Amino acid sequence: NRTSGRLSFDTIHRYETVDAYLVELAQKYQTVSVVSAGKSFEGRDIKYLKISTTNFQDSSKPIIMIQSLIHAREWITLPVSLYAIEKLVVDITDRDLVDKIDWIILPITNPDGYEFTHTNTRFWRKNRSNGHMVGNICLGVDLNRNFDFNWGTLSGNSACSETFHGSGAFSEPETAIVRNIVNEYRKRLELYLDIHSFGSLTLYGYGSGELPANGLTLNVMGVRMAQAIDAVKWNSNPNYRVGNIAMILYPVSGGASDYVQAIGIPHSFTFELPAYRNQQGINGFLVDPDFIEQAGYETWEGIKAGARFLLEYSR
Ligand code: PAY
Ligand code: ZN
């Protein structure tokens, strides 16, 4: 699974492998520190990396945060975070982005759900909490409906729904952790990317259909990121589409990227990575082993385009 302390891109790694890797990187590289942000419902440590050439001390630098696997079954999102880490720490080809920006990477936002997709139910989406349950049915909360923005207005009020919003905003330890990270760095956090699959989309808020005040800037930035991905994507995959969540996809409340936008972080996006497809058709959540590294590579092109747009035009 490893070549010289690195994680390979030929498979989707389990929680414990990734967890140990983050710790190892922080031991090995001066620019990296690992933070245990808290525990998941089942008690797994949720760790994120801080990557900085100035130890997060330079208050003039913007912060970019990348998060993946808030939805358990969206396995292909994990290598996107791992690839970004690789390019920011181990195999640096874009020195300006390492020097001018501080990075926060949260690879496994929903570790309980993620492990459950390996051990039990491959297409599990939610976390594994049962605090809301009446009787013994319908475990789990959709973490991307559990944030405190329009919470509970447009989705899943039944515990059995795949988009169940939970018993209250931030009722879940995993979403409270994301809230705490974002709030801790909110003064400097300027771009937030929540990586999902699938659909080949770059989405911005709000999930209600209402546009943030800087909606036009978000659209331009979204287009830049999408074009950068399209320029290197597999021919067989569709171009990315860009737009407001409710207009391009469907109305959503309690979403992570909406919450982050609403508390004043200027640029917040949900990425939907391309679907898995073969001759038999589409099953978006499955992973083509050949696409793991490509997903990391092409999405990193999009992230870089977003970072450069931020530095050049939108600070
Ligand atoms: O905040 O942009 C948003 C929400 C959009 C995603 C959501 O429903 O949370 C879209 C879905 C996702 O990635 O979870 C799309 C996939 C295909 C799904 O599971 O429906
Ligand atoms: Zn998702």
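The model shown is predicted, which means the values in this text are computed figures rather than measured ones. Atoms within a ligand are numbered from 1 in the order they appear, just like the ligands themselves. Below, all heavy atoms of this structure are taken into account, side chains as well, without hydrogens, waters or symmetry copies.
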Checklist entry - Is the backbone N or O of Pro266 less than 3.5 Å from a side-chain atom of Asn214, with the two atoms forming a donor-acceptor pair by type? => result yes
Next on the checklist: Just to be sure I'm reading this right: ignoring hydrogens, which of Gly284, Gly254, Ser197 gets closest to atom 16 (C) of ligand 1? Compare them by their nearest heavy atoms.
Outcome noted: Ser197
Item to check | atom 5 (C) of ligand 1: nearest protein contact (heavy atom, Å) | outcome: Leu249 CD2, 3.7 Å
Item to check | Any donor-acceptor pair under 3.5 Å from Trp300 side chain to Gly302 backbone | outcome: no
Checklist outcome for this item: Taking only non-hydrogen atoms of Leu203 and a 4.0 Å limit, the atoms of ligand 1 in range are 2 (O)
Next on the checklist: Need the ligand 1 atom indices (1-based, order shown) with element for anything under 4.0 Å from a heavy-atom of Asn144.
Outcome noted: 1 (O), 3 (C), 4 (C), 7 (C), 9 (O)
Checklist entry - Can you name the residues that form a side-chain hydrogen bond (donor to acceptor under 3.5 Å, both in side chains) with Arg44, not counting sequence neighbours? => result Glu42, Asp112
Next on the checklist: Applying a heavy-atom cut-off of 4.0 Å, say which part of Thr163 lies close to ligand 1: side chain, backbone, both or neither.
Outcome noted: neither
Item to check | Best match, Glu74, Arg73, His71, His196: closest heavy atom to atom 19 (O) of ligand 1 | outcome: Arg73
Checklist outcome for this item: Ranked by distance from atom 18 (C) of ligand 1, the top protein heavy atom is Arg125 NH1, 3.7 Å
Checklist entry - Applying a 4.0 Å heavy-atom criterion (strictly less than), which segment of Tyr250 is in contact with ligand 1: side chain, backbone, both, or neither? => result side chain
Item to check | Close-contact set for ligand 1 against Ile245 heavy atoms, below 4.0 Å | outcome: 1 (O), 2 (O), 3 (C)
Checklist entry - Is Asn146 reaching over with its side chain to a backbone N or O of Val141, donor-acceptor style, under 3.5 angstrom? => result no
Next on the checklist: For Asp142, is there an ion pair with Arg125 - N to carboxylate O distance below 4.0 angstrom?
Outcome noted: yes
Next on the checklist: Taking 4.0 Å as the limit for heavy-atom contacts, which would you say applies to Phe285 with ligand 1: side chain only, backbone only, both, or neither?
Outcome noted: side chain
Checklist outcome for this item: Looking only at non-hydrogen atoms, the one of Glu162, Glu272, Arg145 nearest atom 6 (C) of ligand 1 is Glu272
Next on the checklist: Any side-chain to backbone donor/acceptor pair from Asn219 onto Gly222? Under 3.5 Å, distance only.
Outcome noted: no
Item to check | Residues Gln261 and Tyr192: side-chain donor-acceptor under 3.5 angstrom | outcome: no
Item to check | Test item: Asp45 side-chain N/O and Lys47 main-chain N/O as donor-acceptor pair under 3.5 Å | outcome: no
Checklist entry - Considering only heavy atoms from C-beta outward, does the side chain of Asn110 approach that of Ser40 to under 4.5 Å? => result no
Item to check | Nearest neighbour in protein (non-hydrogen) for atom 2 (O) of ligand 1 | outcome: Thr270 OG1, 3.2 Å
Checklist entry - Centres of the Phe147 and Phe170 rings: under 6.0 Å? => result yes
Item to check | From CA spacing to verdict: side chain to side chain contact (heavy atoms under 4.5 Å, CB included), Leu22, Ile85 | outcome: CA-CA 9 Å; Leu22 300 181; Ile85 291 170; 4.0 Å; yes
Checklist outcome for this item: Which of Lys61, Lys187, Lys50 passes salt bridge (charged side-chain N to carboxylate O under 4.0 Å, His left out) with Asp102? Answer is Lys61
Checklist outcome for this item: One checks the Zn ion (ligand 2) and counts protein N, O or S atoms under 2.8 Å, reaching 4
